[in-house]
Each structure stands twice: as C-alpha cells, then as structure tokens.
Amino acid sequence: VSCEADREVFSEAYRTDRMAGTSERRALLRRLEPLIDRYETSAPVCGGRLRGHEAFLYVMDEEYETLIETAGRYLAGPGRETSAKSQVALFHQIAYAYSRLNQPIQSVQAYFDGAARAGDAPAYDGSRALIVAASAARQLGDVAAAQQYLSAAFSLIDDSLATNPDLAPMRGQALVGRGFLTEARLEDAADDQRPALIADLEATSQEAFALLPEEGQWAGFKALAANQFALAAAHAGRYDDAVARLAPSFDLARRTGDLLPAARYEALMTQGEILSMAGDTEAATSAFRDALGDARSRGATAGLAVVLERLGDLAEQRGDLEEARAEYTEAIALIDAQRSALGLSDWSTSEFVTDQGPYRGLARLQIAEGDVAGAFATIEQTRARYLLDLRRHLAIRRTLSPDRRAEADSLSDRLSEVRLAIIDTSDASAQAALSREASTLRQALATLAPLAKADLDSLDLPTLQARLGGRTLLSYALGETASTVFVVRADTLMAVPLDAPVATVRALMRRAGSVWRGDAPDPAFALSPLHELYQRLVAPVRPYVSGDAVILIPDA
C-alpha cells in the first residue's frame, strides 16, 4: 500500500516531466532510485511498475545499453517475483533496445521471453505479447512460429472478448499480423490459389480496419490494415480502387507519429507496390525513394535492402542499368553486413539475411553485359557465406574438449526435441514456454561454439574448373519471371536461360507429390508435372552436359 501511494506521488511528476527533456528525466531517475531500493523486494508487483517507469526514461534518452543491463539484471533477480504484466513490458523494452542497437536476434529472443509469460498475464497484455512475438518471428522469416503465436493470441482474445470489450483493438492488431502472412503467401501462390487468398486478405483487413481506433498507436495499426485492404484490390487488378483505399493510411500514419514510426514507411512501400503492379514505374520509383528516405531518417536498417531491391528492379525495367547496378550493389552490401553480424545462428538461413533478390538482379545485369563469370560469382556469394559458416562451425567443434563437445551435442538434441514439441502443442502457455527454452538453448550453443566474423574470399573460377575434371556443374538461380542455370565444365562457363519462374516451379512441385504440399507423405508421384519440371529445368541444358557425373546446385 505504501509503495502504491509513493508511486502515485511520483507519477504526477512522471506524467508531466517524462517528455520535457533530458534534464527532467535525469531528475525523475534520481527520484526513482530510492523508491526502487525500498520496494523492489518488499512490494514486488509495485516494484515491477517502478522498473517499467525507469525503462521508459532510458528509452527516451536512447540509453539502450543501460536499459538492457539494468532491466535484464532485475528480471533475473527480484523481477522473477513481480507480475507477469510487468515482466512482459520490460522484455518488450529490452527487445526494442536491442532492435535500436541493430541486434535483431537478441531482440527476437526478448520478444519470445515476453511471450513466454503470456499465459500468466492479463488477456490484454498476454495477447499483445503473443502478437508482437509473431511479428518478430515473421520478420525473420520463421513463418511457422509466427502462425503459432498468432493462433495462441486469437485463442486468448476470443476466450475473453465477451467479458472484456477492450480486447477488440487487440484482435484488430492480430488480424493485421494474419494479413502480413497472407501477403507473403500471395507472392508464391499458384494462379488457382490467388482468388481465395485475395478474398481472405480483403476480409481480414476490412475487419481489422473496423476494429482499430484512430488514435495513438492504434492509428498506426489501422494504417497497416488500410495498406492490406488496398493491396487486396491491387492483386485483383483494381488499381484505382487500391489507390482510393490507401488514402487514409497517410493521415493515420501522421496521427500515430512516434508511437508507430514505421507506419509512414509502410504506407509508402504499399503505394510503390500498387503503382508498380499498375505499370507506372516512374511514380512507383518516387514512392520507393520516399520510403527509403523515411527509413534512413529514422535510422531503420531492416527494410533498407528491400527498398533498394525494388528500386533496382524498377531501374532495370526503365533500362537504367547503371542505377540498377548501384541499387542492387548497396542492397547486397547491407545483406552481407547483417549476415556476417549474425554468424552461424539459428536464423542463418532465414529470409531476413538470405534474400536472393538483389543477387539475382545484379547477376541479370552482368549476364546482359556478357559477364557470365561475374554473374556466377554473384549468385554463389551468399551460398558460399553460409557454407563457410558451417565449415567454421565444424572446425570450432573439433577444438572442443570431449566433455564440451558432448554438452554441445546434448544441447542440439534437446533443441530438436523442443522444436518438435512447439509444432505439436496448441496450448499458448506451453508453446511460449517452449519457445523460451529454445531461445535459452540457442544462446547456450552460441556460448559453447562462438563464431568470429570472417571475410569471404572471391570465387576462384579457374581452380573450380580444374577440380571439376570431367564433371559438369549445373547451378540454378530461379527468378520471379525467368530463371538461369550456369553450366560449368573444365573448359566451359555459360548461362542458359530457363522458362521456369519460381512460382511455376513450386506449383509443379506441389502437383508432383504430397511431400511438397505439406500433406501426409505418400509414395506416389504424378508423372505429368515431373515431366514438365524436366522440360523446364533440365532439357534446355542437356546438350551441354558431358560425361556421366553431374553436380547440381539447386535453388529456392
């Protein structure tokens, strides 16, 4: 009781001074220190709220390292006795701090730690923790985890919505998360699947827009719902309708301001995509350039490579190959930097760091210029990075003592068991706890066998050709509209174009057998789609294959 009374007195100054300036926030921190010392242990729930005030003040002054150290030490000690609501809030502050320090893996792990408390938190806070964890997983390309977290969030919301109408906006936010996953499925969907996915995106985004308020952070999520509603129309070919649907997004992004700073960037990206689909490359380029400027002004790095790739594609369409090369090259540099920073982590093959688009774009330009060797080296660059990390990881494991190697093997085995358990369970609390255990296991493995950053050597084509001897190497690079296979022999290097867009290849694979559809395994295969795959992928290069031994490097 005395803690809450003291906190209420402090809160009067906190509400007025926290946005005033650094000196005022320093004064608030000095007032907080004795309160935390007095109540952190004796009144753990109230103490957790005080720590929440402290974390916010550190964020406002961009003292991210201090926040991570202070809040992390608290959560590992007295914070274990505070409320799940306060624990979730602090893990989210830690995750945000890591993201601002450009440490995405640590940020995601903190969001997963917050989601692990979802079952013990009030429905509002627990569902939010699950939705945010889903968003973090999606941005790293872990679609399965994103779907699991969203399913748990919907269960928690729908179970409580009748008695807690304040959860309606949270359901809207969860629907926005589902819309992002539907957008991703549309990118690779077969023609016969697209109408159902477009209808689903339209219905989901329309419901989300209706549920979300127009103020505060909710306005930002409402802007994202407007983006998805507009994209549904664009995917259906109704471009004027799409532009009209997008209009509210910019006003909503302005309203949300710093509470969801990426809202304007997302609106500009959506505008660029719609204009690009409509064939207006000049206007689309302008929208993407505005999105690039917005991201850079905020110091956001995660979306830069995506925008640069889109700008490169549009420059290529306009015939401005010099500009396209510059955009692709900058995007590749960003991806390589992110990939090197992560080393061999659990996410080393995620979409976050292995996006092939800029590499394929640059390779297309090089082929058009007759530089087949340069194009081959560009495509192999990112594959070599991953293989190099695997080799270094194995080399490090060989240096471990037998006891430490056994420990690493035990951690790996347990991590595999936990991943399977996450897939098999539908209980939100159990799922979150397992995700938290997986995060802890990954960290323990990284501590046992750390990876230092290493530079990647350039491809030595003559050495590769000498080692091939009489064998033929076929390296595939699948693109959205067309594909290429590089044919390498001891005396030959050529790039053979293929009529094999990646969506077509995936559709044929799904038709060929259940193993590629995610169904229960079935030993039967359909011969017709297999024959068409052969005609698209193998027949065009069959005349160039000499000898009996062939090395295949597949793609996508």
Side-chain angles (χ1 to χ4, degrees), residues 3-4 7 11 14-15 40 43-56 59 67 71-72 74-76 78-99 107-138 145-146 148-178 208 211-213 215-221 256 259-260 427-436 439:
C3 178
E4 286 296 347
R7 192 175 74 87
S11 294
Y14 176 78
R15 283 189 287 268
E40 186 172 72
V45 173
C46 180
R49 292 171 182 162
L50 293 171
R51 284 291 187 181
H53 297 326
E54 179 188 53
F56 180 86
V59 165
L67 163 60
Y74 167 71
L75 286 167
R80 288 178 292 186
E81 303 301 322
T82 193
S83 67
K85 177 177 179 177
S86 289
Q87 290 177 3
V88 167
L90 284 170
F91 275 119
H92 285 188
Q93 294 282 28
I94 291 172
Y96 176 76
Y98 273 126
S99 70
S107 177
V108 168
Q109 289 175 348
Y111 280 128
F112 285 178
D113 283 338
R117 276 76 175 170
D120 297 323
Y124 185 92
D125 302 279
S127 59
R128 181 174 182 272
L130 291 164
I131 293 167
V132 172
S135 176
R138 175 182 58 80
Q148 290 164 355
Y149 279 123
L150 280 178
S151 296
F154 278 115
S155 295
L156 191 56
I157 292 168
D158 293 342
D159 287 346
S160 308
L161 191 56
T163 57
N164 187 357
D166 289 343
L167 283 170
M170 197 63 71
R171 178 174 172 79
Q173 185 179 347
L175 288 166
V176 169
R178 178 184 289 172
L211 289 172
L212 289 160
E215 66 275 347
Q217 193 177 48
W218 295 125
F221 291 112
T256 196
L259 294 175
L260 195 64
D427 179 74
S429 297
Q431 202 171 72
L434 287 165
S435 293
R436 184 164 178 261
S439 172

Measuring from [X]:[atom1] to [Y]:[atom2], what's the distance to the nearest 0.5 Å?
X: Phe221; Y: Leu211; atom1: CZ; atom2: CG; result: 14.0 Å
X: Gln173; Y: Ile131; atom1: CD; atom2: CD1; result: 4.5 Å
X: Tyr124; Y: Met170; atom1: OH; atom2: CE; result: 4.0 Å
X: Asp159; Y: Ser127; atom1: CG; atom2: OG; result: 11.0 Å

*Taking the six-membered ring for Trp, are Tyr14 and His53 parallel (under 30°), tilted (30 to 60°) or perpendicular (over 60°)?*
tilted
Polar side-chain atom of [X] near backbone of [Y] as donor-acceptor pair, under 3.5 Å:
X: Thr82; Y: Pro44; answer: yes
X: Ser86; Y: Ser83; answer: no
X: Arg171; Y: Leu167; answer: no
X: Ser135; Y: Val132; answer: no
X: Gln87; Y: Gly79; answer: yes
X: Thr163; Y: Ser160; answer: yes
X: Thr256; Y: Gly216; answer: yes

Shortest non-hydrogen contact from [X] to [Y]?
X: Arg7; Y: Cys46; result: CD-SG, 4.0 Å
X: Pro169; Y: Pro213; result: CB-CD, 3.8 Å
X: Cys3; Y: Gly47; result: SG-N, 4.4 Å
X: Ala168; Y: Leu161; result: N-CD1, 3.5 Å
X: Ala133; Y: Tyr111; result: CB-O, 4.1 Å
X: Ala137; Y: Ala145; result: CB-CB, 3.9 Å

Heavy-atom side-chain contact between [X] and [Y] under 4.5 Å:
X: Ile94; Y: Leu75; result: yes
X: Leu150; Y: Leu130; result: no
X: Tyr74; Y: Glu40; result: yes

*Examine Arg178 relative to Phe154 and say whether NZ or CZ is less than 6.0 Å from the centre of the six-membered ring and inside a 45° cone about the ring axis.*
yes
*asked:* I'd like to know whether the aromatic ring centres of Tyr149 and Phe112 sit less than 6.0 Å apart in this structure.
replied: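 For Tyr149 and Phe112, the ring centres are under 6.0 Å apart.
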*In terms of side-chain geometry, is the basic nitrogen of Asp120 or Lys85 positioned less than 4.0 Å from the acidic oxygen of its partner?*
no
_Please determine whether the number of non-hydrogen atoms from other residues, nucleotides or ligands lying under 6.0 Å from atom CZ of Arg80 exceeds 12._
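Check fails, neighbour count at 12 or below.
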*asked:* Just checking Glu81: does its CD atom have more than 12 heavy atoms from other residues, nucleotides or ligands closer to it than 6.0 angstrom?
replied: no
*Test Arg51 against Leu90 for side chain to side chain contact (heavy atoms under 4.5 Å, CB included), laying out the working first.*
CA-CA 8 Å; Arg51 284 291 187 181; Leu90 284 170; 4.1 Å; yes
